[in-house]
Amino acid sequence: MNPSLLELVAKKLTATPPDVQGVRRLVLASCHSAGVLQRALEESEFEPPTAASRQKGSDAPDVWLSSLVIKGFRGIGAPMKVDFEPTPGLTLVLGRNGSGKSSVAEGLETLLHGDCSRLKDKPAEWKKGWANVHWDGAVEIEAEFRLEGQSECAVATRRWESGDEIDSADLELRSLGSRGESAFPSRDLLDKYRPILSCGQLGRRLERRPADLYDELAGVLGLHELVDAQNALRTERVERKRRCEQLEDGRGALLETLSGSEDARVVTCREALLQQPWDLDAIGAVLEGRSDSTDELNRLRLGAELEIPSTQALDQARIELQTALVRQKAADASDAGEQRKLAKALREALALYEHMGEGPCSICESDGVWDEAWRSRAEARMRDADAAAAEAHKLAEEVRTLATTVGELSSFLGSEELALAQHLDVDPEHIQAIAAWLATQKQDGSPSRLAAELKDAAPSLLRAGAAVRAAAVKELNQREEGWRRVVDAVRQWLPRARAAVTADEAGAVERLVEAEDWLKTASSELRADRFAPIAQEALKLFQEMRENSNVSLREVSLAATGGRTRRRVQMRADVDGEGGTYPALSIMSQGELNVLALSLFLPRMMLAEAPCRFVVLDDPIQSMDPHKVDGLARVLGRIAERRQVIVFTHDPRLQEAIDRLGIAATYLQVTRLPSSAVEVRRTSSPVEKYLEEANRMLEPEVVRDVGDEKLRRIVPGICRLALEAALQRSARRRLHADGKPSEEADRILAKAKAAIALASLTLFARADRGSEVAAEFVERYGDCGRAYEDVNGGAHGNYDGALKQLVRNTRNLTRRLEEKS
């Protein structure tokens, strides 16, 4: 966005901040680009860059015109060069119609923009004669520009070969210094701040559709970028809202898919989707197998994977245990058994002795029995008993091992399997068998009881285990089949939902709506604030140039509704200060319309953002009333204090006004020679122009080519034009000195067209004393005063004196007139 406009937006956001948190960032981001807006939406800490006014050294440097070389373009054949002073100041490029001056202006326009406004929108026939008929080589236009802050200049060139179309040549740049082509304004900037206003544009400027003028000014001010920012906000809002709606639609479809199933996972997902906000973590836990809803599945999986011992393995282990028990019983009844019991008793007595220490026997309470001697005897007897009971010990250990094995084999059904059997479709007989077996295990758990009960219970336990496993497999398969039907839909929807929640899509839509509404509401004020400098300057310029007009411009504003659909520049004026205002275009004369067009064009070139520091006007005073020329001269003089102002004109009134008002200016005279040769020379005034032309006619080669007889008519005629120009200026100054208003002076001078009437006005402030003029010139100015009669007579072929002396006398007389006036 235009930096100045962005700065206005930032100030407006500070003055009237949005109600919703984060909207300010979105408005500023939208003013930059869609990419910056997306970043502001995605990064909560991101702050869009703020605007800074354009400064020297930026990508749009100040550009001043230094020189222009044209060959083969329009009315210019052989190469022609014109030099300009690349600083603020006013330059008038003078030349009669057909001299080639407009070709100079149009050449510069074509160089910079690749087109010529004179040929725009014209039939193809108009565009065929843009190459000069007197030039056979390549057409080329080249200009040199001074770049502010750069050590080197910029040279821009377009070149066309024979047969090329006018819009086919590319702009070539060179000698741009260290910054390269970035030091020269872009095509977009050049077109946006087009520095050239031709006569044709001036006439058509206000005849276009209202929207066209609006677009031109809005483009310069960057106001369309407000609409672009709104569009960026709207595009982002629509896209995010679409994603939210798609996600919500997907949620609805997913809920429908999840309906009708009592699978714990399905139920958990369904309940999570019905919550506000959605419990996406619960759904993720289900998919990853971490939720409570998967505990039952895990029990089913354990049931389906239940390891049931074979009948053979269980019987074998039980029989081996029973056999070991029989052998142990037999051993316990033998002497080894008695020794085993004695060893056991002694081991327990020794443990008690270690605890109680020496003293009376804690068992029989006899004094002095438990001492170290007793302990030694007891340990010896225990060793002997253990040795004698070794076989009994081995049998006891074997019984414990076999009992453990039988216990592990018979423990495949526990409380969890019982609960699972009760939950599943398992025969009650099997459930009862499991429950009975678990009940017996809570009682005496001796190996002999385990072996005895397992003999009777084993067949029913094995059948119950198989039933539980089969029921678990069946239920698990059913549930997995149902889950498989919905899990893909859940997996597809969840990442989109997580992304939307992470990006806060719903919140973003709300903030985007607020940002869009704020910008829409603020746009009219921002448009007015941004346009204010141009509007104020336009009103000021019109006031300066309207001199003695009965129409006053009261309002210039930009009006737009419906984005870009209805837009116009609203201009209101009043007549004779009566109070009411009317559409300006309907009540202004053509001259006033030209003034209005200039008033709208010039302010945009004064904007800081405009890269071209030169302004080119081609014949701006066409159809302009004589008394408005003074106003234009004053305006151009004021603008020339800050800009390089170049004006092409064939009308001497502008130069006369500039000279009379004492406005500093440089004059360039354009002269067309045979075969489309165009010459541009520096001159100081119309008087000097004619006198220089007269002297040039007296150069030897011209005298040789033209001949003395013709020169005796030509040179006095040119001198007469010089004297008439001096008399025109002197007469106006005399009228002003006598208190005549500009409008009345214009009226008097318009009637006094002949040299004798102008001389009478100059000498006597009256136009009716022509008979006294010749004598009065001689009386006042001596010998040089005779030039008045000499040029009048000589212009009709009656001069036989020295032509060089005639030119000298004419120069002296014009200078005396300048001094006296």
Run the numbers on E416 and R299 for salt bridge (charged side-chain N to carboxylate O under 4.0 Å, His left out), then give the verdict. CA-CA 8 Å; E416 291 187 0; R299 287 193 294 272; over 6 Å; no
Give the minimum heavy-atom separation between L321 and P447, together with the two atoms involved. CD2-O, 3.6 Å
Here the gap from L450 atom CG to R318 atom CZ, rounded to the nearest 0.5 Å, amounts to 10.5 Å
When rounded to the nearest 0.5 Å, the distance separating OG of S30 from CG of L233 is 4.0 Å
Determine, for R242 against E245, whether the closest basic-nitrogen to carboxylate-oxygen distance falls under 4.0 angstrom. no
Check whether more than 12 heavy atoms from other residues, nucleotides or ligands sit under 6.0 Å from atom CD of E256, and answer yes or no. no
Trace of the side chain to side chain contact (heavy atoms under 4.5 Å, CB included) decision for K12 with W518: CA-CA 10 Å; K12 184 70 175 174; W518 185 92; 3.5 Å; yes
I'd like to know if the side chain of R469 reaches the main chain of L306, judged simply by a donor and an acceptor atom lying under 3.5 Å from each other, with no hydrogens or angles considered. yes
Would the distance check show the side chain of R270 and the main-chain N or O of L258 forming a donor-acceptor pair, the cut-off being under 3.5 Å? yes
So L274 and L255, side chain to side chain contact (heavy atoms under 4.5 Å, CB included) or not? Walk me through it. CA-CA 8 Å; L274 291 172; L255 279 171; 3.9 Å; yes
Counting only heavy atoms not in Q312, do more than 12 sit closer than 6.0 Å to its CD atom? no
Rounding to 0.5 Å, atoms NE2 (H32) and CG (L37) come to a distance of 11.0 Å
Rounded to the nearest 0.5 angstrom, the CG-CZ distance for L287 and R265 is 10.0 Å
Main chain of A232, side chain of T235: is a donor-acceptor contact present, judged purely on distance under 3.5 Å? no
Work out which heavy atom in A506 is nearest to a heavy atom in C244; give both atom names and the distance. N-SG, 3.8 Å
Quick check against the 3.5 Å criterion: does T440 have a side-chain atom that pairs as donor or acceptor with the backbone of W437? yes
Determine whether more than 12 heavy atoms belonging to other residues, nucleotides or ligands lie under 6.0 Å from atom CZ of R347. yes
How close do G303 and L420 get, heavy atom to heavy atom, and via which atoms? CA-CD2, 3.7 Å
Report yes if some heavy atom in the side chain of L413 is under 4.5 Å from a heavy atom in the side chain of L418; otherwise report no. no
Can you see which heavy atom on F412 is nearest to which on G465, and at what distance? CE1-CA, 4.0 Å
What's the shortest heavy-atom distance between L26 and A40, and which atoms? CD2-CB, 4.1 Å
Please determine which of V406, L402, V399, T405 meets the side-chain contact (heavy atoms from CB on, under 4.5 Å) test together with E320. L402
Spatial distance of atom CG (L454) from atom CG (L461) [nearest 0.5 Å]: 7.0 Å
Side chain E417, main chain G414, donor-acceptor under 3.5 Å: yes
Could you check whether any side-chain N or O of R251 sits under 3.5 Å from a backbone N or O of L273, counting only pairs where one atom can act as donor and the other as acceptor? yes
Is it the case that more than 12 heavy atoms not belonging to Q432 sit under 6.0 Å from its CD atom? no
In the structure I gave you, are the side-chain heavy atoms of K241 and Q246 within less than 4.5 Å of one another anywhere? no
Kindly check if the number of other-residue, nucleotide or ligand heavy atoms within 6.0 Å of CG (D249) is above 12? yes
Determine whether the side chains of R234 and Q230 contain a donor N or O and an acceptor N or O closer than 3.5 Å. no
Tell me if the CD atom of E372 is crowded by more than 12 foreign heavy atoms within 6.0 Å. yes
Using a strict threshold of under 4.0 Å (side-chain N to carboxylate O), is an ion pair present between E305 and R301? no
Under the side chain to side chain contact (heavy atoms under 4.5 Å, CB included) criterion, do E379 and L350 qualify, and how do the steps go? CA-CA 8 Å; E379 287 177 347; L350 283 168; 3.6 Å; yes
Could you walk me through whether R243 and E248 satisfy the side chain to side chain contact (heavy atoms under 4.5 Å, CB included) test, starting with their C-alpha distance in whole Å, then the side-chain angles of each, then the deciding distance to 0.1 Å, before giving a yes or no? CA-CA 8 Å; R243 291 203 294 263; E248 183 61 38; over 6 Å; no
Hey, does the side chain of R496 reach the backbone of L247 with a donor-acceptor pair shorter than 3.5 angstrom? no
State the CD-OG distance between Q322 and S448, to the nearest 0.5 angstrom. 10.0 Å
Are more than 12 heavy atoms from other residues, nucleotides or ligands located less than 6.0 Å from atom CD of E307? no
